[in-house]
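Worksheet for the structure shown next.
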Amino acid sequence: MLFLKTVFRVGAAALAAGVVAEAASDYTLVDVFDKSNFFKEFEFFDESDPTNGFVKYVDARAASDGSLAGYYQDSVYLGVDHTKTTTTGRESVRVESKKSYTQGLFVADISHMPAGVSDAGSCGLWPAFWMFGPEWPNSGEIDILEGVNTQSSNAITLHTAPGCHMTNTGSLATTKLLRTDCNGQEGCSQNTQATNNYGAGFNAARGGVYVVEWTSTAISLWFFGRNSSIASELANDNSQEAPDTSEFGQPLAVFVGGASGSGCDIDSHFQNHSLVFDTTFCGDWAGKVWAQDDTCSALAPSCSAYVGSSPSAFTNAYWLVKSIKVYQKPAGANEKRSDTRLPLPFTA
Ligand SMILES: *[C@@H]1O[C@H](CO)[C@@H](O)[C@H](O)[C@H]1NC(C)=O
Ligand SMILES: *[C@@H]1O[C@H](CO)[C@@H](O)[C@H](O)[C@H]1NC(C)=O
């Protein structure tokens, strides 16, 4: 990949007024994150990994200097170190939106996600695109695109405080809800089946568009592979109008809160979510299941031993994010964090 570390420039003007007229909805476009503003609107998390990964999350300056984050063509690049061996944790980035959201429609056009150079090369990796709120798990977490090791399809998970039980009526028939209780670290996961929605299969198809719709009654996720007509409509949509999710067909996964008093009161369990991209290694998931993965455990006795000694296995472990659009209804709330953790070198 021809990634240059000097490509931190503000991109072309933000989206021009478009011509795509779509079904009326009361959603309004509130934010577009793309190469014109991404590193002003997302901040680097450089503390130790809360999921105990074999990782060293670096700050903005180190990410820039080390070519771990920047722009590549029309996209935002978020990568990992793939040149050095390490015994303390592989360098990587985790970025979080400064702005947070309660409810809304989130449209993420992603053309590449972290994966190995071969199936075995994915061993040790744990990439995630997700959202979460303050005082985890009280304000909830929505894991939109996530997996570990040799996993070949996306696993979509919610995490909450106790008292939130979801059903998945309406999900694609091939999607399986593993647990209805969203409480805590285990959460409620839906395993999907298509191989173009995660990892090497996602990248081979040039990614696609993930859509999350979060309302008081349900959290629904769709994935449109790059070659689908809806993905090209979404990718080429320069209008202010929200896409009409009623035209999307069955969600890849839907979490239904259900009647009040039982199920899950989504409004009290999910609030003020920041958007996050990260790539970690090993830790509480990829590391924990290492021994159970025959492909991975054949490579090294432990996940961290493999990740530390195999830099070249991670040359494809990067995100390319073309854009994320956020639409909200008037009732939706959002707030902008006042703190800026780090001085960013990404300004014009
Ligand atoms: C689109 O890509 C997927 C995954 O690569 C493939 O299964 C499907 O057949 C493709 N569809 C078209 C219309 O090319
Ligand atoms: C969420 O944000 C709103 C608006 O800023 C604020 O009033 C509320 O206290 C926040 N909730 C949590 C759980 O932080």
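Residues: numbered from 1 along the sequence shown. In listed order, ligands and their atoms are each counted from 1. This one's a predicted model, so the numbers in the text were calculated from it and none came from an experiment.
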Under 4.0 Å from a heavy atom of [X]: which atoms of ligand 2 are those, numbered in the order shown and with their elements?
X	answer
Asn272	1 (C), 2 (O), 3 (C), 8 (C), 10 (C), 11 (N), 12 (C), 14 (O)
Gln271	11 (N), 12 (C), 13 (C)
Pro134	14 (O)

Q: Could you tell me whether Ser139 and ligand 2 have an N or O pair separated by under 3.5 Å?
A: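 In fact, backbone or side chain, Ser139 has no N or O that close.
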**Q.** Partner set under ring pair (Phe, Tyr, Trp, His ring centres under 6.0 Å) for His165, not counting sequence neighbours
**A.**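 Expected list: none.
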Q: Quick one: sort the Phe314 and Phe281 rings into parallel, tilted or perpendicular, breaks at 30° and 60°.
A: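 The rings of Phe314 and Phe281 stand perpendicular, inter-plane angle above 60°.
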Q: In sequence, state the C-alpha distance, the side-chain angles, and the governing distance for Phe42 and Ile324, and then conclude on side chain to side chain contact (heavy atoms under 4.5 Å, CB included).
A: CA-CA 12 Å; Phe42 281 68; Ile324 303 162; 4.2 Å; yes
Q | Chi angles and distances behind the salt bridge (Lys or Arg N to Asp or Glu O under 4.0 Å) call for Lys99, Asp31 | A | CA-CA 9 Å; Lys99 221 165 153 183; Asp31 282 303; 2.7 Å; yes
